[in-house]
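The chain is numbered in sequence order, starting from 1. This is a predicted model, so every value here is computed, not measured.
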Amino acid sequence: MNFMDNINIYLEKLKSNYGFSFPYGLINKFADVFSEITLKKNDVLIRIGEKNGFIFFVVSGILRDYYIDDDGNDVTRFFTCEGGICGGETLISNEPSAVCTEALGNCILLRCLVSDFKKIIASDSESTKAYIWLLKSSLAYKIRRENSFLIKNATERYIDFKRENPDLEKRVNQKYIASYLGITPVSLSRIRRVLKGLN
């Protein structure tokens, strides 16, 4: 599969998963500054404390962002699948990364320098609209995630996770899902057993 095929695969996933289509002219601009990289399972894309100068677009595979808490445990922030964007914080801040990003399986990514991405999004109104969509999507996710922890219990958070990510549970280790939900793997197993008994 060639480079342009992977760009088209990414765009199809972006549209099917999020309902957003990049303008055709913008696609050509991105194609000029994209490069393709591959990761194997457990490869680290971004390390805690490192500065990252790239934004990544996921063609295939799953990435996991996680923090390390005071007790040395990793806490999953989110998962990025096909059609998703990783490293977006670099568009806002040049600070060292507070999270580690690792591949949960073999991945194909499209990579773009943040400086090139910013030039493109500032070049015309269509590019700016795409950037605004990206920011709004990110903000909406953060609001949902915060509300979930503030007003919902673990079972409700798990139900939301399944609804929003119908295929992800089969592709991701249960301990990572548990840490994403803020519970232990044992608690997640108990919740799943209870819900299974209700169906």
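- Residues Y131 and F117 form a side-chain contact, since some pair of their non-hydrogen atoms from C-beta on lies under 4.5 Å apart.
- Shown here for G49 and P96, the closest heavy-atom pair between the two residues is O-CB, 3.3 Å.
- Within the 4.5 Å cutoff, the side chain of T38 has no heavy atoms near those of the N106 side chain.
- Rounding to the nearest 0.5 angstrom, the gap separating the CD1 atom in I121 from the NZ atom in K119 is 12.5 Å.
- Closest approach of V99 to R77, counting heavy atoms only: CG2-NH2, 3.6 Å.
- Closest of all the heavy-atom pairs between N153 and T155 is OD1-N, 3.1 Å.
- No side-chain donor-acceptor contact under 3.5 Å links E82 to the backbone of Y10.
- Here the closest non-hydrogen pair linking I37 and R111 is CG2-CZ, 3.8 Å.
- F34 CZ to I7 CD1: the interatomic distance, rounded to the nearest 0.5 Å, is 6.0 Å.
- A salt bridge does not link R157 to D160: none of the charged side-chain nitrogens sits closer than 4.0 Å to a carboxylate oxygen.
- Looking at S179, its side chain does come within 3.5 Å of a backbone N or O of Y176 through a donor-acceptor pair.
- In this structure, I143 is not a member of the same hydrophobic cluster as L135, with clusters built from ILVMFWY side-chain heavy atoms closer than 4.5 Å.
- Using bins of under 30°, 30° to 60° and over 60° for the plane-to-plane angle, the ring pair Y158/F161 lands in the parallel bin.
- Other residues, nucleotides and ligands place no more than 12 heavy atoms under 6.0 Å from the CD atom of E146.
- From C107, atom SG reaches atom CG of L63 across 4.5 Å, with rounding to the nearest 0.5 Å.
- Under the 4.5 Å side-chain contact rule for hydrophobic residues, I9 and I108 share a cluster.
- Using a 4.5 Å cut-off between side-chain heavy atoms of Ile, Leu, Val, Met, Phe, Trp and Tyr, with links allowed through other members, W133 and I55 fall into the same hydrophobic cluster.
- Residue E156 holds its CD atom at 7.0 Å from CD1 of I159, rounded to the nearest 0.5 Å.
- S123 contributes a side-chain N or O that, together with a main-chain N or O of I120, makes up a donor-acceptor pair within less than 3.5 Å.
- By the 4.5 Å heavy-atom criterion applied to side chains, N94 and V114 are not counted as neighbours.
- K118 is linked by a salt bridge (Lys or Arg N to Asp or Glu O under 4.0 Å) to nothing, counting only residues two or more places apart in sequence or in another chain.
- In this structure, L134 is a member of the same hydrophobic cluster as V59, with clusters built from ILVMFWY side-chain heavy atoms closer than 4.5 Å.
- For the pair T101/F56, no side-chain contact is recorded, criterion being any heavy-atom separation below 4.5 Å from C-beta on.
- By the criterion of side-chain heavy atoms lying less than 4.5 angstrom apart, applied directly or through intervening Ile, Leu, Val, Met, Phe, Trp or Tyr residues, I183 is grouped together with V172 in one hydrophobic cluster.
- To the nearest 0.5 angstrom, L39 atom CG is 5.0 Å from L109 atom CG.
- Evaluation of the ring pair (Phe, Tyr, Trp, His ring centres under 6.0 Å) test over residues 68-112, restricted to residues two or more places apart or in two chains, returns F78-Y141, F79-Y180.
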Exercise. V75 and Y66: side-chain contact (heavy atoms from CB on, under 4.5 Å), yes or no, with the steps?
Worked result: CA-CA 5 Å; V75 180; Y66 65 90; 5.8 Å; no
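- Counting all heavy atoms, side chain and backbone alike, S97 lies closest to R47 at CB-O, 3.7 Å.
- Nearest heavy atoms, I48 versus A98: CG1-O, 4.0 Å.
- With a 4.5 Å cut-off on side-chain heavy atoms, R193 and R190 count as touching.
- Side-chain atoms of S148 never come within 3.5 Å of backbone atoms of R144 as a donor-acceptor pair (strictly under, hydrogens ignored).
- A 4.5 Å side-chain heavy-atom check between N173 and L104 finds every atom pair outside the cut-off.
- Note that the CG atom of L188 and the CD1 atom of I177 stand 6.5 Å from one another [nearest 0.5 Å].
- D116 places no side-chain N or O within donor-acceptor distance of the main-chain N or O of L113, the cut-off being under 3.5 Å.
- Between the side chains of R64 and T76, at least one donor N or O lies within less than 3.5 Å of an accepting N or O.
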